[in-house]
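Comments concern the structure below.
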Amino acid sequence: MSDLLTFHFDVDGDDFTSAGQASVQIKKNLRQLGIAPDTIRRVSIAMYEGEINMVIHAGGGEADVTVSETYIEIVLKDQGPGIANIEQAMQEGFSTAPDAIRSLGFGAGMGLPNMKRYTDYMNIESEVGVGTTITMRVNI
Amino acid sequence: MNNYEHSVYLDVQKCIGCTTCLRHCPTQAIRIKDGHAVINERRCIDCGECIKICPKKAKKAVCNKLQDMDGFKWKIALPAPTLYGQFENMDDVDYILDGLLKIGFDDVFEVSTAAELVSAYTRIYLKRKDIKKPVISSACPVVLRLICLRFPSLTDNIIPMLPPMEIAAMMARDKAKAEHPELSDEDIGVCFISPCPAKASYVKNGFGSYKSRVDKVISISDIYFQLINAMEHTDNIKSLSKSGMIGIGWASSGGEATALFNDAYLAADGIDNVNRVLDQIENDNIPPLEYIELNACTGGCVGGVLTMQNPFIAKAKLQTLRRYLPVSQNFIPKEQEGEVPADYFFSEMPTYYPISRLSASMSESMRMMSEIQTLRKELPGIDCGACGAPTCQAFAEDVVKGNANLSDCTIMYRSQLLEYLSSKDDTSDGK
């Protein structure tokens with residue numbers, strides 16, 4: 001395991017304005033590792049969307065990023081309401097975000113589809129009333 | 001990039017190593033070493049924040065002096081529109097332009113004149129289908145350097161059009177040669193009257209492979225008193241100004257963007273706001289926009305560190321000045337309305353400079369980062385700056401890169417010392 005780097009972030013559910021801090025931090029770390037700009041951008045977008053989702057729907061959560069020489073893995077874990085129908089949630093434009101969130105420009109139903117689009121692998125494990133864990137991988 | 005010639009420098013005699021600039025440097029380019037600040041030239045973006053904040057006035061900008069123009073036979077001043085907002089009771093730009101002639105220039109060419117043409121051509125450019133949106137302005141050299149250092153995926157969004165200062169220099173040279181055919185290229189000296197040190201760096205270093213057409217850069221603050229003494233408020237001065245509301249509007253934030261007659265724009269000013277906006281663009285978290293105007297200084301160029309007037313007061317003065325001007329006084333020739341001429345573009349756009357990379361090898365970078373993480377956890381985390389680095393994180397990076405010693409952390413040193421002393425007490429008690 002010595003050749004893996006891990007980063008842990010607590011995503012604060014109360015503070016909407018600070019959402020996105022973990023993705024800004026991970027961008028900096030990936031630049032220091034010399035990762036290609038396009039890869040950094042994909043990781044950053046996927047992570048940002050995930051962070052926002054955790055703030056909107058789950059009252060926050062945790063983000064763990066693992067970097068190896070061949071891939072970057074992002075695990076987003078929350079103890080929120082869970083996703084009842086994952087297939088439906090993956091459809092572009094489908095959103096359960098409240099109106100107040102939409103008026104801020106979020107909740108357009110593009111979060112999960114974008115996360116899938118910008119990563120090479122994505123898996124959602126979710127149980128209603130228990131929480132959601134999303135695992136994403138971007139190959140280097 | 002490695003040989004980038006900066007315009008911000010330190011007066012070592014005045015610097016007391018107080019750490020104020022450390023915290024305010026947006027790229028963490030400053031460290032305190034041997035009791036005074038040291039600027040990392042590869043990281044510095046010439047924003048001038050340290051010049052603004054230094055309580056000892058030890059940080060300075062290097063610009064040219066008026067005498068540096070002496071070598072040229074034909075001296076042309078290119079006043080930035082910001083200059084117009086620096087004076088009391090100013091109702092006519094001609095007083096200022098006439099003043100520039102009186103202090104030794106042979107001709108003046110307003111940057112605001114060129115700005116109106118740049119605005120007109122940008123409106124045409126935005127209609128192109130083959131460009132990446134949102135288009136980011138190329139006018140602020142600090143923003144350009146910031147993007148190249150920190151936002152590699154956005155370099156393609158920068159409009160490849162030359163900033164108004166360059167277009168003004170090009171037009172001023174052409175005008176001088178047309179009116180005075182006896183002048184050679186070397187005889188003509190073009191001098192930008194600048195609100196900021198970043199323009200001076202830009203002129204010295206060029207941009208990508210592009211070499212600036214400006215020869216010298218003098219700061220507004222440096223010629224201010226000489227100019228104000230030469231200015232005469234009389235009715236019989238020559239009419240020289242050829243700028244409208246658009247050109248003069250470029251001096252403050254939003255002026256450049258509103259000149260595009262397109263509501264889908266964003267104008268942000270102040271280096272922290274610029275950073276945040278660029279982060280959001282990179283995350284695709286902005287509404288669909290056509291154009292992004294970014295100015296590193298608060299309020300736009302009027303907030304430049306080499307100006308005389310408070311940026312908001314300067315902006316108010318410019319509003320008064322603009323009130324009775326036509327929208328624009330410069331128009332592109334009919335036959336050119338379809339496309340932007342080739343000489344309005346940079347010859348090459350710069351690419352990403354990976355300055356923050358820990359090592360050329362990925363595995364070595366990963367090993368170093370792991371070491372940084374471990375070390376960071378041992379550090380107090382209060383970002384006191386006493387070690388000479390702006391944050392504990394930056395200090396951990398410096399130590400792992402071999403640029404600092406762990407013993408520079410006074411908090412750790414103190415607790416180690418206390419531990420040692422108490423262990424000594426134990427042994428001396430020896431019972």
Side-chain angles (χ1 to χ4, degrees), chain A residues 1-8 16-53 55 65-72 102-108 110-111 113-115 117-118 140, chain B residues 26-28 43 132 146-157 266 272-273 275-289 350-374 376-377 391 393-394 396-398 400-401:
Chain A
M1 288 298 277
S2 64
D3 54 347
L4 293 179
L5 263 179
T6 57
F7 303 92
H8 177 82
F16 211 93
T17 49
S18 73
Q21 275 177 356
S23 70
V24 168
Q25 182 57 45
I26 210 71
K27 265 202 284 195
K28 186 190 166 206
N29 291 332
L30 295 180
R31 279 201 305 270
Q32 287 181 316
L33 292 173
I35 307 286
D38 183 54
T39 309
I40 296 178
R41 183 160 186 266
R42 288 167 60 206
V43 170
S44 167
I45 294 178
M47 181 127 174
Y48 178 75
E49 296 281 9
E51 265 185 89
I52 292 287
N53 274 350
V55 176
V65 180
T66 306
V67 181
S68 85
E69 285 197 52
T70 52
Y71 66 87
I72 298 158
R102 290 179 194 237
S103 68
L104 277 168
F106 298 104
M110 290 305 291
N114 267 343
M115 286 155 74
R117 179 176 311 134
Y118 286 107
I140 295 175
Chain B
T27 58
Q28 298 197 327
R43 282 179 172 265
K132 209 170 154 193
L146 181 70
I147 291 175
C148 292
L149 298 184
R150 199 180 273 180
F151 298 96
S153 68
L154 300 179
T155 49
D156 296 341
N157 294 64
L266 174 160
D272 292 340
N273 291 327
N275 254 318
R276 276 194 284 262
V277 166
L278 289 170
D279 266 321
Q280 286 203 218
I281 299 174
E282 209 166 44
N283 285 350
D284 259 354
N285 177 38
I286 51 157
L289 293 174
T351 44
Y352 172 44
Y353 307 115
I355 45 147
S356 60
R357 197 167 178 174
L358 294 171
S359 155
S361 131
M362 168 93 181
S363 55
E364 177 62 6
S365 298
M366 286 179 61
R367 190 197 60 73
M368 287 170 81
M369 190 166 286
S370 167
E371 219 178 299
I372 292 167
Q373 282 183 319
T374 311
R376 171 63 189 79
K377 283 183 197 135
T391 61
Q393 174 69 31
E397 290 170 15
D398 288 354
V400 171
K401 283 192 263 184

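In what follows, chains are A, B, ... by sequence order, proteins preceding strands, each numbered from 1.
- Residue contact with chain B, scored on non-hydrogen atoms closer than 4.5 Å, involves the side chain of A:Tyr118 exclusively.
- With chain B as the partner, the residue from A:Ile52, A:Thr6, A:Ile45 showing the most heavy-atom pairs under 4.5 Å is A:Ile45.
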Could you walk me through whether A:Asn53 and A:Met115 pass the side-chain contact (heavy atoms from CB on, under 4.5 Å) check?
CA-CA 11 Å; A:Asn53 274 350; A:Met115 286 155 74; 3.9 Å; yes
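- With sequence neighbours excluded, the residues forming a side-chain contact (heavy atoms from CB on, under 4.5 Å) with A:Val24 are B:Asp279, listed by chain and number.
- Proximity to chain B (any heavy atom under 4.5 Å) is restricted, for A:Ile140, to the side chain, taken from C-beta onward.
- Using a 4.5 Å heavy-atom cutoff, the side chains of B:Tyr352 and A:Arg31 are in contact.
- For the residue pair A:Arg41 / B:Asn283, no side-chain donor-acceptor distance below 3.5 Å is found, with atom types taken as modelled.
- The closest donor-acceptor contact from the side chain of B:Arg357 to the backbone of B:Ala360 lies under 3.5 Å.
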Ignoring hydrogens and angles, write down the donor-acceptor pairs under 3.5 Å from the side chains of residues 32-40 of chain A, residues two or more places apart or on other chains.
from    : atom 1 : to       : atom 2 : distance (Å)
A:Gln32 : NE2    : B:Glu397 : OE1    : 3.1
A:Gln32 : NE2    : B:Glu397 : OE2    : 3.1

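- Neither the backbone nor the side chain of A:Asn114 comes within less than 4.5 Å of any heavy atom of chain B.
- Between chain A and the options B:Ser361, B:Ser363, B:Pro354, the largest number of non-hydrogen pairs under 4.5 Å is found for B:Ser363.
- Only the side chain of A:Ser23 comes within contact range of chain B, with at least one heavy atom under 4.5 Å from a heavy atom of that chain.
- Using a 4.5 Å cut-off between heavy atoms, B:Arg367 makes no contact with chain A at all.
- No part of B:Glu364 comes within reach of chain A, as not one of its non-hydrogen atoms sits under 4.5 angstrom from that chain.
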